[in-house]
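Just so it is clear, the structure is predicted and the values come from calculations on it, not from any experiment.
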Amino acid sequence: MTDNVKYDLIVVGAGHAGCEAAAAAANLGSRVLLITMDMGKIALMSCNPAMGGIAKGQIVREIDALGGFTGIVTDYSTLQYRMLNKSKGPAMWSPRAQCDRSLYSSKWRSVLEAIPLIDFWQDTVVELVVNNMTVVGVKTRQGNVIRSKSVILTNGTFFNGLMHTGDVKIPGGRASDPASYGLSEQLTDLGFERGRMKTGTSARLDGRTIDFTFLERQEGDEIPQQFSFVDNDFRLKEQKPCYITHTNEQVHAILETGFSKSPLFGGMIKGLGPRYCPSIEDKIVTFSDKKRHQLFLEPEGWSTCEYYINGFSSSLPQEIQLAALRNVPGLENVKMFRPGYAIEYDYYIPTQLKYTLETRLIENLYFAGQINGTTGYEEAAGQGIIAGINSHLKIHDQPEFILGRDEAYIGVLIDDLITKGVDEPYRMFTSRAEYRLLLRQDNADERLTPRSWSIGLAGADRYNSFLKKYEEIDNITDYLKSYSVSPQQVNLFLSKNGTSEIKQKVKISDLLLRPQINIFDVIEVIPGFTKMKEEGRTAFHDILESVEIKLKYKGYLNREKMMADKLKRLEHMHIQPNYDFDSLKSISTEGREKLKRIRPSTLGQASRISGVSPSDISVLLIHLGR
């Protein structure tokens with residue numbers, strides 16, 4: 001730090017948001033400094049060792065389509081791969097991977113160290129350097145003043161972090177790591193509105209003391225896919241199983257004996273907790289009629305016996321946690337590596353942000369990740385890549401990069417944050433996206449890679465791979481629409497699959513419209529596909545899946561696209577940043593106050609603000625001259 005270098009961008013925090021932000025900005029051409037408290041814990045999976053899941057898997061694929069690295073690192077470190085919700089429609093399919101925690105972190109570090117424009121510094125940022133409400137650098141605990149044109153804060157749970165296990169309270173951002181002090185107070189002094197949130201994690205168990213014969217074994221997919229659209233060498237040849245067990249009434253009774261020492265019920269925890277991911281003590285109180293709750297035992301790596309117990313997050317005293325666990329089938333003799341705990345931390349109300357994730361109050365300052373009230377590695381990484389892109393674009397006088405609600409789950413996430421704010425840790429669900437059939441996990445590259453290519457983030461290899469993939473999809477689709485099969489070719493096959501036989505030649509594409517028929521069955525009886533299958537193409541399974549979705553759901557896709565295009569008109573009706581909402585005497589008082597506080601940039605955003613009514617929007621339309 002004695003070089004007196006001025007960076008284009010400083011990223012504070014090397015969690016999932018910070019890693020994607022630093023990589024995106026540097027790969028676009030900015031000189032980046034990544035500051036972290038511990039270089040040995042880059043992109044650490046602080047909670048469960050998994051990536052993806054319902055709606056979260058879509059976000060990971062979107063990050064990859066944009067040129068990010070979360071998907072590639074996940075593929076490299078995967079222990080088990082599963083596509084969730086396959087019994088439902090393709091809008092709900094979500095990839096999830098169990099990861100080797102250590103491999104995931106070390107791979108991310110090697111990815112970042114391979115990017116020439118990223119420098120690293122191990123330290124704690126205690127203050128921003130601000131001139132005329134514009135950030136121009138940071139000050140660190142070691143006394144360094146480092147200048148930059150832009151700063152992205154990705155501080156996770158470290159702002160005034162406080163961990164709870166029973167009546168034991170330990171300041172910290174996660175187990176064994178100190179909290180961050182000073183910077184959060186400065187942000188408040190600068191005028192930012194902050195709040196307090198709470199999350200938690202489960203105990204880590206010694207697999208040598210688990211009796212797996214009493215547990216239900218959960219295998220990965222027979223044909224594991226990968227998160228990244230880039231065809232790499234990380235395809236799984238073997239997978240590690242997860243295991244399922246359940247609590248029981250005796251477990252619940254033991255947990256209840258610790259409620260008198262519970263920081264959650266005793267009022268010691270003031271932060272807002274995640275409703276959709278409650279602690280085990282929350283579950284047995286809220287769902288008191290349930291006699292058992294499902295638990296998942298997830299392996300932490302290839303070369304460790306450590307297991308994460310998903311569904312047993314707790315802040316109860318450690319002796320209560322252990323006694324309860326030893327009454328779970330299969331865990332009668334279990335030993336803990338460490339107990340679960342709850343953690344409280346500061347966050348900042350996300351309605352204070354622009355769509356680019358730049359703050360409205362301080363120019364060139366960006367927030368990404370749990371500082372914005374979100375939870376989850378995937379949501380953090382999605383914000384990180386957008387903040388990194390926009391920070392680079394702004395300091396190089398280029399147009400901002402914004403994703404719409406019809407373009408990406410990341411777009412839904414950011415719009416929800418800055419328009420609606422949060423009243424609990426925000427987690428993405430498929431139900432939050434009104435255009436989820438358009439935002440499938442299989443077509444994230446089709447939606448986003450051309451846009452990323454246009455700003456220079458997606459490289460030539462990725463873009464050419466995308467072009468080749470969709471050329472193949474078009475060729476296969478054309479073949480299915482033009483090739484007819486005779487009754488002699490397919491009637492036996494149709495009968496075996498429980499659907500009516502044909503009496504004359506029929507196009508293959510028409511047969512695929514039948515719910516009983518899928519494309520993977522068809523390729524077994526159609527000669528044109530036999531050769532393609534024998535070639536053993538790595539991405540052949542993914543390509544066929546996309547072809548089938550486009551054919552089977554064409555009508556639904558077209559209808560959803562029409563709805564999106566219709567509503568998108570409101571997104572093009574811009575509202576000036578200094579618009580005088582007090583001059584609108586015909587709108588409701590609540591609507592006026594919400595509009596003044598959130599300052600929507602478009603009529604579309606205004607229409608999604610809670611408390612702004614359709615009649616308020618009609619008045620705005622008139623005043624905007626539309």
Side-chain angles (χ1 to χ4, degrees), residues 130-135 149-152 187 190-193 348-368 372 383 386-387 389-408 410-422 434 451 454-455 564-626:
V130 179
N131 287 340
N132 298 321
M133 300 306 280
T134 300
V135 70
K149 299 175 184 176
S150 183
V151 174
I152 300 177
L187 290 171
L190 285 168
F192 287 99
E193 184 182 355
Y348 285 83
I349 312 304
T351 53
Q352 301 170 102
L353 302 173
K354 302 175 184 177
Y355 273 105
T356 59
L357 297 182
E358 183 185 16
T359 66
R360 296 180 184 277
L361 194 58
I362 304 294
E363 191 171 1
N364 295 338
L365 176 64
Y366 295 76
F367 291 171
N372 292 333
Q383 294 170 70
I386 296 300
I389 290 171
N390 280 301
S391 173
H392 167 86
L393 293 175
K394 184 175 182 187
I395 61 181
H396 289 86
D397 298 319
Q398 296 177 43
E400 58 192 19
F401 186 85
I402 293 171
L403 297 176
R405 295 182 71 91
D406 62 329
E407 290 181 290
I410 296 173
V412 175
L413 164 67
I414 293 173
D415 184 65
D416 280 353
L417 290 176
I418 70 170
T419 301
K420 302 173 183 176
V422 292
E434 57 269 50
R451 285 207 59 190
S454 70
I455 63 170
D565 290 343
K566 186 176 180 181
L567 291 172
K568 207 167 184 178
R569 295 176 206 163
L570 294 178
E571 305 298 337
H572 295 297
M573 297 181 186
H574 293 281
I575 303 172
Q576 292 299 317
N578 58 351
Y579 191 87
D580 183 12
F581 292 108
D582 284 323
S583 66
L584 304 178
K585 305 302 181 187
S586 304
I587 66 172
S588 65
T589 301
E590 182 184 9
R592 184 182 298 108
E593 291 305 311
K594 289 288 182 72
L595 290 166
K596 285 163 60 179
R597 183 166 67 87
I598 295 173
R599 290 279 163 193
S601 57
T602 68
L603 207 59
Q605 185 190 359
S607 70
R608 293 187 292 274
I609 297 173
S610 174
V612 177
S613 68
S615 61
D616 293 335
I617 297 299
S618 297
V619 172
L620 260 175
L621 271 169
I622 293 167
H623 280 268
L624 291 172
R626 305 300 182 110

*Asks:* Find out whether L417 and F367 are in side-chain contact, i.e. whether some heavy atom of one side chain is under 4.5 Å from a heavy atom of the other.
*Replies:*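 Answer no - side chains too far apart.
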
*Asks:* Kindly determine whether K394 and K149 satisfy side chain to side chain contact (heavy atoms under 4.5 Å, CB included), including the steps that lead there.
*Replies:* CA-CA 10 Å; K394 184 175 182 187; K149 299 175 184 176; over 6 Å; no

*Asks:* Which atoms form the tightest heavy-atom contact between I598 and R360, and what is the distance?
*Replies:*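 Smallest interatomic distance, heavy atoms only, reads O-NH2, 3.1 Å.
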
*Asks:* Can you run down the ring-ring contact (aromatic ring centres under 6.0 Å, His included) pairs that involve residues 576-600, sequence neighbours left out, and say none if there aren't any?
*Replies:*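 Listed once each, the pairs are Y579-F581.
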
*Asks:* Are any side-chain N or O atoms of Q605 and backbone N or O atoms of S601, one a donor and one an acceptor, separated by less than 3.5 Å?
*Replies:*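 Such a contact is found between Q605 side chain and S601 backbone.
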
*Asks:* May I ask you to test the I414-I386 pair for a side-chain heavy-atom distance under 4.5 Å?
*Replies:*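 Contact flag for I414/I386 side chains = yes.
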
*Asks:* Under the side chain to side chain contact (heavy atoms under 4.5 Å, CB included) rule, what do K594 and D616 come out as? Steps first, then yes or no, please.
*Replies:* CA-CA 11 Å; K594 289 288 182 72; D616 293 335; over 6 Å; no

*Asks:* Please tell me if the side chains of N364 and E358 come closer than 4.5 Å, counting only heavy atoms from C-beta onward.
*Replies:*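 Result yes, sub-4.5 Å side-chain heavy-atom pair found.
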
*Asks:* Does the side chain of K568 come within less than 4.5 Å of D406's, by heavy atoms?
*Replies:*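 Sidechains of K568 and D406: in contact.
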
*Asks:* Which pair of heavy atoms, one from G611 and one from S588, lies closest together, and at what distance?
*Replies:*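 Smallest interatomic distance, heavy atoms only, reads O-OG, 4.2 Å.
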
*Asks:* Ignoring hydrogens and angles, tell me if any N or O in the side chain of T419 forms a donor-acceptor pair with the backbone of I609 under 3.5 Å.
*Replies:*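 No, because the side chain of T419 does not come within donor-acceptor range (under 3.5 Å) of the backbone of I609.
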
*Asks:* Start with the C-alpha gap between L595 and I587, add the side-chain angles, then the distance that decides, and say whether side chain to side chain contact (heavy atoms under 4.5 Å, CB included) holds.
*Replies:* CA-CA 10 Å; L595 290 166; I587 66 172; 3.9 Å; yes

*Asks:* ring-ring contact (aromatic ring centres under 6.0 Å, His included): which pairs involve residues 585-613, sequence neighbours left out?
*Replies:*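 Matches after skipping sequence neighbours: none remain.
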
*Asks:* Under 4.0 Å between a Lys/Arg side-chain N and an Asp/Glu carboxylate O for E571 and R608?
*Replies:*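 R608 and E571: salt-bridged.
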
*Asks:* Looking only at heavy atoms, which two atoms of I395 and S150 are closest? And how far apart?
*Replies:*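 Scanning both residues completely, I find the closest heavy atoms to be CG2-CB, 4.1 Å.
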
*Asks:* Excluding sequence neighbours, so at least two apart, what forms side chain to side chain contact (heavy atoms under 4.5 Å, CB included) with I349?
*Replies:*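 Side chain to side chain contact (heavy atoms under 4.5 Å, CB included) list for I349, sorted by chain: E193, Y347, T351, Q352.
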
*Asks:* Say whether, by atom type as modelled, one donor and one acceptor occur between the side chain of R405 and the main chain of E434 under 3.5 angstrom.
*Replies:*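 Absent.
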
*Asks:* Distance alone, cut at 3.5 Å: any donor-acceptor contact between the side chains of N131 and T134?
*Replies:*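 There is no such pair (donor and acceptor under 3.5 Å, judged by atom type) between the side chains of N131 and T134.
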
*Asks:* Working to the nearest 0.5 Å, report the span between CD1 of I418 and OH of Y355.
*Replies:*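 Rounded to the nearest 0.5 Å, the CD1-OH separation comes out at 4.5 Å.
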
*Asks:* What distance do S615 atom OG and L621 atom CG have between them, rounded to the nearest 0.5 Å?
*Replies:*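 That separation rounds to 11.5 Å.
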
*Asks:* If I compare all heavy atoms of V135 with all of L365, which pair ends up nearest, and what's the gap?
*Replies:*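 Heavy-atom minimum between the residues: CG1-N, 3.8 Å.
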
*Asks:* Using only atom types and a distance under 3.5 Å, with no angle test, would you say the side chain of R599 pairs donor to acceptor with the backbone of K354?
*Replies:*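 Not confirmed, R599 side chain does not pair with K354 backbone.
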
*Asks:* When the ring planes of F192 and Y348 are compared, do they come out parallel, tilted or perpendicular, using 30° and 60° as the limits?
*Replies:*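 Perpendicular: the ring planes of F192 and Y348 meet at over 60°.
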
*Asks:* Out of curiosity, I575 CD1 to L624 CG, how far, rounded to the nearest 0.5 Å?
*Replies:*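 The distance works out to 6.0 Å.
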
*Asks:* CG of N578: more than 12 outside heavy atoms within 6.0 angstrom?
*Replies:*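 Yes, the 6.0 Å shell around CG holds more than 12 heavy atoms from other groups.
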
*Asks:* If you compare all heavy atoms of N372 against all heavy atoms of P350, which two are closest, and at what distance to 0.1 Å?
*Replies:*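 N372 and P350 have their closest heavy atoms at O-CG, 3.4 Å.
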
*Asks:* Quick check for you: to the nearest 0.5 Å, what is the distance between I389 atom CD1 and I402 atom CD1?
*Replies:*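 It comes to 11.5 Å.
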
*Asks:* Got a donor-acceptor contact below 3.5 angstrom from the N390 side chain to the E400 backbone?
*Replies:*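 Not a single qualifying donor-acceptor pair exists.
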
*Asks:* Rounded at 0.5 Å granularity, tell me how far CD in Q383 sits from CD1 in I410.
*Replies:*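 Separation between the atoms: 9.5 Å.
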
*Asks:* To the closest 0.5 Å, what do you measure between CG (L361) and CG (L190)?
*Replies:*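 L361 CG to L190 CG: 6.5 Å, rounded to 0.5 Å.
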
*Asks:* Please lay out, stage by stage, how H623 and L584 fare under the test side chain to side chain contact (heavy atoms under 4.5 Å, CB included).
*Replies:* CA-CA 8 Å; H623 280 268; L584 304 178; 3.3 Å; yes

*Asks:* Please check if the side chain of D415 supplies one atom and the backbone of G411 the other of a donor-acceptor pair under 3.5 Å.
*Replies:*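 Here the side-chain-to-backbone pair does not exist.
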
*Asks:* With heavy-atom distances below 4.5 Å as the criterion, would you say the side chains of T602 and L570 are in contact?
*Replies:*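 Of all side-chain heavy-atom pairs linking L570 with T602, none is under 4.5 Å.
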
